[in-house]
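Below, each value reflects all heavy atoms present in this structure, side chains not excepted, and no hydrogens, waters or symmetry copies. As the structure is a prediction and not an experimental result, all values here were calculated from the model. Starting from 1, each residue takes its place in the sequence as its number.
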Amino acid sequence: MYFRDVAARANWRDQFEKLGYELSVLEDPAYWVESVNEPFCAVFSHSEIKDTIEKATVELSQLALEAVNEICQGADSERYFASMQIPSHFREIIRQSWRRQDRSLYGRFDFAYNDGVLKLLELNFDGATTLYESADLQKCWLEDLQRLELVPLESTQFNSIQEKLISALTDFVAKDEVFHFATFKGAGGEAENVRYLKSCADLAGLKTRFFYLDELKRDRDGRLADDRHQAITHLFKLYPWDLLIHNDEQIF
């Protein structure tokens, strides 16, 4: 792997705005690479991607699930929950979710990489963002760099995020059910991610609805409902579970 300097495109902000992206989230902090003073791209070999990075993500995903199983069903389950400061009245709900095999959709690995060696910095399977940038905006960036002859035409990205999301979402719910997508009011990058996921579900042929968790309600039967009082049967939320636990009385 090596880094290559690449000039920022003069119109990249206009392009992102036309794609419906909220540009304010790129400015503070400036985490899109063309916002920095000296833009660059990282160049990996095929073997580095397939034999090191992808292999590690598969292994670490399995280890994470084994850890969750031990936390939920192991002999020291209560001690693990207590060490993570999860209130006692939430623990059985979490165990039931694990036993039901409730599905997850995606997660994000943050790695440090040097000379063929990976170090895991964070595994975020809860409030991970930058999904839209990774799945879509990076492809637009590469295509423009190729058109401008700033990178070789044979350059490619190991990027099948959108295709995998659409495939995963296809059988998430029955075709006659509504899949709700939600985050909190005032969200920037979180709202971009949720709306992008909703668009993938739309492409998968699902009925979808976006709303804000601030408007979450319960109907007369005690079921979760949206701001239109429509019962929620399937929900993707982008809001950390620890904050939901902390604010459960205010929300419900």
Side-chain angles (χ1 to χ4, degrees), residues 22 24-25 28-29 31 57 60-112 119-135 161 165 168-169 172 179-198 201 209-218 222-227 232-252:
E22 185 177 320
S24 60
V25 303
D28 186 19
Y31 60 81
T57 57
L60 289 167
S61 294
Q62 184 59 39
L63 288 172
L65 293 175
E66 291 175 8
V68 174
N69 186 66
E70 186 66 22
I71 292 167
C72 290
Q73 302 189 141
D76 292 322
S77 176
E78 280 298 307
R79 181 170 64 86
Y80 289 137
F81 275 121
S83 68
M84 292 186 291
Q85 300 183 18
I86 296 177
S88 57
H89 57 288
F90 281 95
R91 297 173 189 177
E92 186 55 32
I93 297 172
I94 295 171
R95 293 187 179 106
Q96 290 174 7
S97 174
W98 180 248
R99 289 194 292 267
R100 284 195 307 264
Q101 297 184 337
D102 289 344
R103 299 176 65 179
S104 60
L105 184 56
Y106 78 98
R108 188 190 73 215
F109 290 89
D110 293 344
F111 290 118
K119 179 179 180 181
L120 178 64
L121 303 178
E122 181 183 11
L123 191 164
N124 191 335
F125 279 8
D126 185 13
T129 56
T130 69
L131 185 60
Y132 184 33
E133 297 93 314
S134 301
I161 295 173
L165 284 172
L169 287 162
F172 243 79
F179 197 163
H180 282 79
F181 293 82
T183 187
F184 55 95
K185 286 184 177 178
E190 290 83 0
E192 296 289 350
N193 275 252
V194 174
R195 292 186 187 278
Y196 172 68
L197 281 170
K198 178 184 177 299
R209 177 140 200 281
F210 175 90
F211 78 107
Y212 290 106
L213 288 172
D214 312 64
E215 301 162 338
L216 192 65
K217 300 175 174 60
R218 288 193 182 275
R223 300 173 301 181
L224 291 179
D226 62 19
D227 56 316
I232 297 172
T233 58
H234 297 82
L235 170 66
F236 177 90
K237 60 85 193 164
L238 193 51
Y239 190 77
W241 281 111
D242 55 336
L243 294 183
L244 280 177
I245 289 173
H246 178 72
N247 298 322
D248 68 311
E249 293 183 0
Q250 295 95 310
I251 292 175
F252 301 119

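The distance from the CG atom of Leu224 to the CG atom of Leu213 is 10.0 Å, given to the nearest 0.5 Å. Ile71 CD1 to Arg79 CZ: the interatomic distance, rounded to the nearest 0.5 Å, is 10.5 Å. Here the straight-line distance linking atom OG of Ser97 with atom CD of Glu92 works out to 11.0 Å at 0.5 Å rounding. Distance CG/Asp242 to CZ/Phe90: 11.0 Å, rounded to 0.5 Å. Rounded to the nearest 0.5 Å, atoms NZ (Lys237) and CD (Glu190) are 11.0 Å apart. Residue Leu238 holds its CG atom at 11.5 Å from CZ of Phe181, rounded to the nearest 0.5 Å.
Between Ala168 and Leu105, the shortest heavy-atom contact is CB-CD1, 4.2 Å. Taking each heavy atom of Cys72 and Ser77 in turn, the nearest pair found is O-OG, 3.5 Å. Nearest heavy-atom pair across Phe109 and Ser61 is CZ-OG, 3.4 Å. Contact between His89 and Ile93 at its shortest, heavy atoms only, is O-CD1, 3.8 Å. Here the shortest heavy-atom pairing between Leu235 and Ala182 reads CD1-CB, 3.9 Å. Tyr106 and Ala128 make their closest contact through OH-O, 2.6 Å (heavy atoms, listed as atom of the first residue, atom of the second, distance).
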### Task
Output, in order, the C-alpha distance, side-chain angles, deciding distance and verdict of side-chain contact (heavy atoms from CB on, under 4.5 Å) for Ile232 and Phe211.
CA-CA 11 Å; Ile232 297 172; Phe211 78 107; 3.6 Å; yes
### Query
Between Phe172 and His234, does a side-chain contact (heavy atoms from CB on, under 4.5 Å) hold up when you go through it step by step?
CA-CA 9 Å; Phe172 243 79; His234 297 82; 5.6 Å; no
### Query
Under the side-chain contact (heavy atoms from CB on, under 4.5 Å) criterion, do Asp227 and Lys217 qualify, and how do the steps go?
CA-CA 7 Å; Asp227 56 316; Lys217 300 175 174 60; 4.2 Å; yes
### side-chain contact (heavy atoms from CB on, under 4.5 Å) between Phe111 and Leu60, worked out
CA-CA 12 Å; Phe111 290 118; Leu60 289 167; 3.7 Å; yes
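Counting only N and O atoms by type, the side chains of Ser134 and Arg108 include no donor and acceptor under 3.5 Å apart. In summary, the side chains of Thr129 and Asn193 do not present any donor paired with an acceptor at a separation below 3.5 Å, with no hydrogens or angles considered.
With hydrogens and angles disregarded, a donor-acceptor distance shorter than 3.5 Å links the side chain of Asp214 to the backbone of Lys185. No donor-acceptor distance shorter than 3.5 angstrom exists from the side chain of Arg209 to the backbone of His180, with no hydrogens or angles considered.
Between Glu133 and Glu192, the closest side-chain pair of non-hydrogen atoms is not below 4.5 Å. A heavy-atom distance below 4.5 Å is not found between the side chains of Asp110 and Asn124. Annotation: side chain of Trp241 is not in contact with side chain of Ile94 (no heavy-atom distance under 4.5 Å).
In this pair, Tyr212 and Phe210 present their aromatic rings perpendicular. The plane angle is above 60°, beyond the 30 to 60° band.
For CD of Gln85, the number of neighbouring non-hydrogen atoms (other residues, nucleotides, ligands) closer than 6.0 Å is 12 at most. Taking a 6.0 Å sphere around CD of Glu122, one finds it holds more than 12 heavy atoms contributed by other residues, nucleotides or ligands.
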